[in-house]
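Both counts, for ligands and for their atoms, begin at 1 and track the order of listing.
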Amino acid sequence: MKILLLGSGGREHALAWKIAQSKLCSELFIAPGNPGTATLGTNISMSVNDFDSIKFFCIEHHINMVVVGPEDPLVLGIWDFFQQEELKHIIVIGPSKKGAQLEGSKAFSKKFMQEEHIPTAAYQEFTAANYDAGIAYLKQHALPIVLKADGLAAGKGVVIAQTHEEALQTFHEMIEERKFGDASAKVVVEEFLTGIECSVFVLSDGKNYCLLPEAKDYKRIGEGDTGLNTGGMGAISPVPFVDESFLQKVKNKIIHPTLSGLQKRAITYRGFIFFGIINVQNEPYVIEYNCRMGDPETEVVMPRLNNDLVEMFVHVANQTLDTITCQHLNQHAATVMLVSGGYPEDYAKGKVIEGLNQLSGSIIFHAGTKSEQTNVVSNGGRVLAVTSLASNLADAVEQSKLNASKITFEGKYYRSDIGYEFI
Ligand code: AMP
Ligand code: GLY
């Protein structure tokens with residue numbers, strides 16, 4: 001099969017790494033890709049949201065399958081776009097535009113969960129039309145208060161206000177000043193839940209699903225989970241508190257009603273569902289849905305997945321995922337993310353990366369890099385993900401840290417405490 005993978009981050013390098021191992025993959029293209037994916041297939045300079053160029057490319061290169069990495073093209077409706085005559089023979093791994101609303105609209109996902117009795121924080125939604133009711137609601141709400149821009153806001157649309165003043169100010173900025181553009185024309189205000197988070201992933205064919213290895217990511221920039229939020233500074237899999245009994249609750253109370261809720265509404269969903277879960281006194285609640293894999297979670301999930309990923313994708317297309325078993329490697333995986341100094345605020349790009357060729361015992365996934373003459377240079381906040389597998393978590397983390405220390409670029413920073421609560 002000729003496969004086109006869309007995206008350019010660490011998640012896409014990890015997906016490309018797994019896809020390239022498949023006996024069913026004859027040729028792999030990645031658009032736009034990065035220097036890491038270039039070692040596994042052919043990078044194509046094409047934006048993930050440029051549907052017309054993607055169409056032209058797929059026809060010209062006889063592509064059989066398109067795997068969508070990031071949420072943007074899914075929320076913009078790339079699955080629906082591929083239903084046109086010239087493209088409908090191509091398998092698209094990702095939900096329809098309607099299905100992608102699970103991530104694309106917090107108001108949609110909250111209403112969906114409420115209707116399906118899926119455990120989640122209590123909430124209300126507000127716009128300019130009921131602004132004054134929102135002010136009154138916020139004033140009597142218990143602290144802290146969680147405010148979420150309805151639409152996609154590049155991971156920045158959630159504010160946890162510690163005081164009523166901060167909540168009112170944020171509410172004003174989101175709705176009246178459109179802090180996140182149209183994405184914050186509508187705001188979801190919800191109850192704050194206290195617990196420990198984890199990420200659960202399924203691959204769904206619309207009828208059946210496979211449960212992938214779960215993961216936990218480390219979002220804060222500083223050690224001990226302090227400082228600003230980032231896209232993710234590292235990840236581990238498996239997650240010690242996600243035992244058989246917790247997982248059973250996640251399946252019964254969250255995964256099954258989500259899939260039946262989609263079916264009931266005739267929403268086509270043939271792709272990954274990422275459940276952002278919080279464990280509140282041993283009960284799982286949904287913090288958010290994403291319509292894609294996580295980053296850096298994919299960098300620990302793919303190395304622990306024993307199945308042929310492309311074979312799974314074919315089962316997604318045929319709606320026959322019930323005929324296979326998803327096999328997870330018994331080992332522990334840990335990813336340490338190397339980031340640019342200053343991230344998640346301002347940081348420099350273009351720093352020459354050295355040491356990549358002298359490493360062993362880890363998989364290096366490129367996240368924000370580019371090739372410049374004969375060098376690989378930094379090209380983003382999150383630069384490289386170092387993943388290691390071992391028989392226990394501590395050894396996996398140690399191995400990733402060892403290789404993280406051997407890679408050099410000016411301003412390099414990483415958290416050395418990934419997995420700390422469990423070691
Ligand atoms: P989201 O973009 O929805 O994933 O939110 C970003 C982060 O905010 C989550 O990963 C949580 O750490 C936190 N968060 C979101 N909603 C809540 C909530 N209701 N209670 C506590 N923390 C939350
Ligand atoms: N690591 C969280 C995310 O991908 O949204």
For [atom], find the nearest protein heavy atom and state the residue, atom name and distance (0.1 Å precision).
atom	value
atom 13 (C) of ligand 1	Ile160 CD1, 3.8 Å
atom 3 (O) of ligand 1	Lys106 NZ, 3.1 Å
atom 2 (O) of ligand 1	Val158 CG2, 3.2 Å
atom 22 (N) of ligand 1	Phe192 CE1, 3.8 Å

What are the atoms of ligand 1, with element, lying closer than 4.0 Å to any heavy atom of [X]?
X	value
Lys148	3 (O), 15 (C), 16 (N)
Glu190	16 (N), 17 (C), 18 (C), 19 (N)
Lys219	10 (O)

TODO: Using a strict cut-off of less than 4.0 Å between a Lys/Arg side-chain nitrogen and an Asp/Glu carboxylate oxygen, indicate whether Glu297 and Lys216 qualify as a salt bridge.
DONE: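 Salt bridge flag = no for Lys216 with Glu297.
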
Open item on the list: Under a 4.0 Å threshold between the charged nitrogen and the carboxylate oxygen, would Glu115 count as salt-bridged to Arg265?
Closed with: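 Glu115 and Arg265: salt-bridged.
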
Of [options], which has the heavy atom at the shortest distance from [atom]?
atom	options	value
atom 20 (N) of ligand 1	Leu193, Ile277, Thr120	Leu193
atom 23 (C) of ligand 1	Asn290, Ile145, Ile287	Ile287
atom 10 (O) of ligand 1	Arg220, Glu197, Glu288	Glu197

TODO: Working to the nearest 0.5 Å, report the span between CG of Leu384 and OG of Ser362.
DONE: 12.0 Å

Task: Heavy atom of protein closer than 4.0 angstrom to atom 15 (C) of ligand 1 - done: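 Within 4.0 Å: yes, protein heavy atom nearby.
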
Task: Plane angle bin for Phe422 and Phe241 - parallel if under 30°, tilted between 30 and 60°, otherwise perpendicular - done: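 It falls in the tilted class, 30° to 60°.
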
Open item on the list: Parallel, tilted or perpendicular: which one describes the rings of Phe108 and Phe112, with boundaries at 30° and 60°?
Closed with: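 Ring orientation of Phe108 relative to Phe112: parallel.
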
Open item on the list: Is the shortest side-chain heavy-atom distance between Leu6 and Val66 below 4.5 Å?
Closed with: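 Touching, per the 4.5 Å side-chain cut-off.
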
Open item on the list: Do Arg11 and Pro70 have side chains that approach each other closer than 4.5 Å (heavy atoms only, starting at C-beta)?
Closed with: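 In short, these two side chains touch, coming nearer than 4.5 Å.
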
- [ ] Provide the closest heavy-atom pair for Ile196 versus Glu421 in the form atom of the first, atom of the second, distance.
- [x] CD1-OE2, 4.0 Å

Open item on the list: Using the ring centroid of each side chain, check whether Phe192 and His141 are separated by less than 6.0 Å.
Closed with: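 Ring centroids of Phe192 and His141 are no less than 6.0 Å from each other.
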
When you pair each N or O of ligand 2 with protein N or O atoms, which pairs come out under 3.5 Å?
from: ligand 2; atom 1: 1 (N); to: Asp217; atom 2: OD2; distance (Å): 2.8
from: ligand 2; atom 1: 1 (N); to: Asp295; atom 2: O; distance (Å): 3.0
from: ligand 2; atom 1: 1 (N); to: Glu297; atom 2: OE1; distance (Å): 2.8
from: ligand 2; atom 1: 1 (N); to: Glu297; atom 2: OE2; distance (Å): 3.4
from: ligand 2; atom 1: 4 (O); to: Arg292; atom 2: NH1; distance (Å): 3.0
from: ligand 2; atom 1: 4 (O); to: Asp295; atom 2: N; distance (Å): 3.0
from: ligand 2; atom 1: 5 (O); to: Arg292; atom 2: NH1; distance (Å): 3.4
from: ligand 2; atom 1: 5 (O); to: Arg292; atom 2: NH2; distance (Å): 3.0

Task: With His13 via ring-ring contact (aromatic ring centres under 6.0 Å, His included) - residues at least two apart - done: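 For His13, the residues satisfying ring-ring contact (aromatic ring centres under 6.0 Å, His included) (neighbours in sequence not counted) are Phe365, His366.
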
- [ ] Begin from the C-alpha positions of Asp243 and Lys249 and carry the test salt bridge (charged side-chain N to carboxylate O under 4.0 Å, His left out) through to its verdict.
- [x] CA-CA 10 Å; Asp243 54 19; Lys249 289 181 189 170; over 6 Å; no

